[in-house]
Amino acid sequence: MDEEQALQALVARGIRIPPQPVVLVELCERLRDGDYDARGLAAIISTDPGIAAMLFKVARSPLFHAGRSPDSLEQVLVRLGLKQTINLVRVVALTTALPAGGAEAMQRFWSRAREIARFAAVIAEDRVSVCNIFPDQAYMAGIFLDCGVPVLMQRFPGYCESLMGDDSLDLPSLREEDQRYNVDHASIGYLVARHWRLPDFVAQAILHYGEVPREELGAVRSLVAILQLAIHCYHGQHGIFNASWPRIGGEVMGELGLHPDELTDYLADIREAFEVAGI
């Protein structure tokens with residue numbers, strides 16, 4: 001089944017994949033046509049005040065710029081670079097395209113997603129010479145990682161009855177979802193990533209993030225390792241046992257060029273950088 005058929009099958013079941021906002025569509029069209037400059041792209045972004053404001057907030061993080069914070073959208077584009085800016089627009093656009101308030105479970109979901117994305121960006125910045133994954137790519141992957149969850153929340157009211165209802169803040173397992181709904185949030189997240197035209201290696205990492213994929217090498221494997229370590233950092237930050245770490249931790253550390261004996265000190269360094277990042 002190709003992407004379009006998969007999307008149609010979800011629609012037939014009442015599962016709605018969020019469309020790209022008009023701003024993002026226009027930006028991508030300008031890029032594809034080669035008809036753009038920083039001023040023109042900034043003008044497009046400014047038509048959506050919510051996206052523009054959130055983009056400023058993210059772009060002012062030390063993770064995404066050096067030196068003085070940008071004072072205008074045009075400066076954001078010039079200082080960050082076009083691809084990085086578009087990736088951050090995608091991040092902001094997704095959080096506005098899917099519900100962000102209301103139910104406590106949804107609020108807790110987005111808080112969790114932002115923390116994992118922030119950890120992923122910090123890890124990517126530190127390991128960029130090893131993995132060649134950049135902070136904006138890792139941050140985008142972290143936000144999109146579990147975006148299938150709010151999609152399923154919208155379709156199945158019972159889905160969020162127990163979701164993160166206790167202090168574990170954990171998501172349902174992919175196997176449980178597949179048994180109950182005949183679909184899982186990783187597959188939906190992959191389709192959202194493809195529909196929103198994220199880089200292919202990011203979409204593949206979202207699809208395969210439950211394991212460090214041995215058949216997917218290079219950027220996909222490295223990004224999965226970054227996401228898994230970010231999830232492990234999140235668990236540690238909240239005092240939650242990460243049941244999958246004993247099984248995959250060794251592969252994650254090896255892929256990132258780290259020795260298992262370094263883990264405790266490395267996590268302390270990442271937590272310190274996480275607090276400074278301020279996203």
Side-chain angles (χ1 to χ4, degrees), residues 61-64 87 91 111-147 149 168-175 184-186 189-190 193 198-279:
S61 165
L63 278 171
F64 300 119
N87 284 344
V91 166
S111 177
R112 177 186 184 277
R114 285 190 292 269
E115 283 193 41
I116 289 174
R118 187 163 146 194
F119 273 123
V122 169
I123 295 166
E125 181 183 45
D126 180 73
R127 307 311 294 169
V128 66
S129 62
V130 176
C131 301
N132 201 34
I133 303 292
F134 295 93
D136 62 297
Q137 296 170 332
Y139 189 74
M140 177 174 61
I143 290 291
F144 275 81
L145 179 62
D146 294 312
C147 69
V149 169
S168 70
L169 297 175
D170 270 340
L171 303 182
S173 74
L174 301 181
R175 179 177 297 178
D184 62 71
H185 72 264
Y190 169 77
L198 270 61
D200 184 63
F201 78 93
V202 175
Q204 291 293 335
I206 291 169
L207 181 63
H208 295 291
Y209 86 92
E211 303 281 345
V212 181
R214 294 176 182 175
E215 70 281 3
E216 296 281 355
L217 302 178
V220 175
R221 183 175 167 87
S222 294
L223 183 53
V224 168
I226 288 170
L227 292 170
Q228 283 291 349
L229 185 53
I231 291 170
H232 189 57
C233 289
Y234 173 84
H235 278 79
Q237 186 86 338
H238 293 272
I240 306 167
F241 175 67
N242 183 3
S244 65
W245 188 254
R247 174 174 52 83
I248 64 173
E251 282 191 272
V252 168
M253 297 290 282
E255 179 64 25
L256 298 179
L258 297 166
H259 192 278
D261 292 343
E262 300 178 75
L263 181 60
T264 300
D265 290 340
Y266 187 74
L267 291 181
D269 292 341
I270 292 301
R271 282 194 293 269
E272 183 177 346
F274 172 88
E275 296 301 332
V276 173
I279 304 172

Hey, are the side chains of C233 and I123 touching, using non-hydrogen atoms and a 4.5 Å cut-off? yes
Value rounded to 0.5 Å, distance of CG in L256 from CD1 in I133: 10.0 Å
Measuring only between side-chain heavy atoms, which start at C-beta, is I226 closer than 4.5 Å to R127? no
Heavy-atom pair with the smallest gap, counting every atom of E255 and G218: OE2-O, 4.3 Å
Got M140 and P199 here, is their nearest side-chain heavy-atom distance under 4.5 Å? yes
dist D200:CG -> Y190:OH (nearest 0.5 Å) comes out at 6.0 Å
Less than 3.5 Å apart, which donor and acceptor atoms pair up between the side chains of residues 266-274 and the rest of the protein, not counting sequence neighbours?
{"from": "Y266", "atom 1": "OH", "to": "D126", "atom 2": "OD2", "distance (Å)": "2.8"}

Where L63 and R118 come nearest, the two heavy atoms and their spacing: CD1-O, 4.5 Å
side-chain hydrogen bond (donor to acceptor under 3.5 Å, both in side chains) partners of residues 239-248, not counting sequence neighbours, each pair once: E211-R247, H232-N242, N242-S244
Strictly by modelled atom types, are D146 and Y209 linked by a side-chain donor-acceptor pair under 3.5 Å? yes
Are F241 and H235 packed together at the side-chain level, in the sense that at least one heavy-atom pair is separated by less than 4.5 angstrom? no
To the nearest 0.5 angstrom, please state how far the CE atom of M253 sits from the CG atom of L229. 7.0 Å
Point-to-point distance, once rounded to the nearest 0.5 Å, from CD of Q137 to SG of C131: 11.5 Å
All heavy atoms of V220 vs all of P213, minimum pair found to be CG1-CG, 4.3 Å
Rounded at 0.5 Å granularity, tell me how far NE2 in H185 sits from CG in L145. 6.5 Å
Do E115 and H238 have side-chain heavy atoms sitting under 4.5 Å apart? yes
If you compare all heavy atoms of V202 against all heavy atoms of A141, which two are closest, and at what distance to 0.1 Å? CG1-CB, 3.9 Å
A120 to A138 - nearest heavy-atom pair and separation: O-CB, 3.4 Å
Just verifying a value: how many Å separate F201 CZ and I206 CD1, rounded to the nearest 0.5 Å? 10.0 Å
Heavy-atom side-chain contact between L263 and L258 under 4.5 Å: no
Return the set of residues passing ring-ring contact (aromatic ring centres under 6.0 Å, His included) with F144 (not counting sequence neighbours), or none when no residue passes. W196
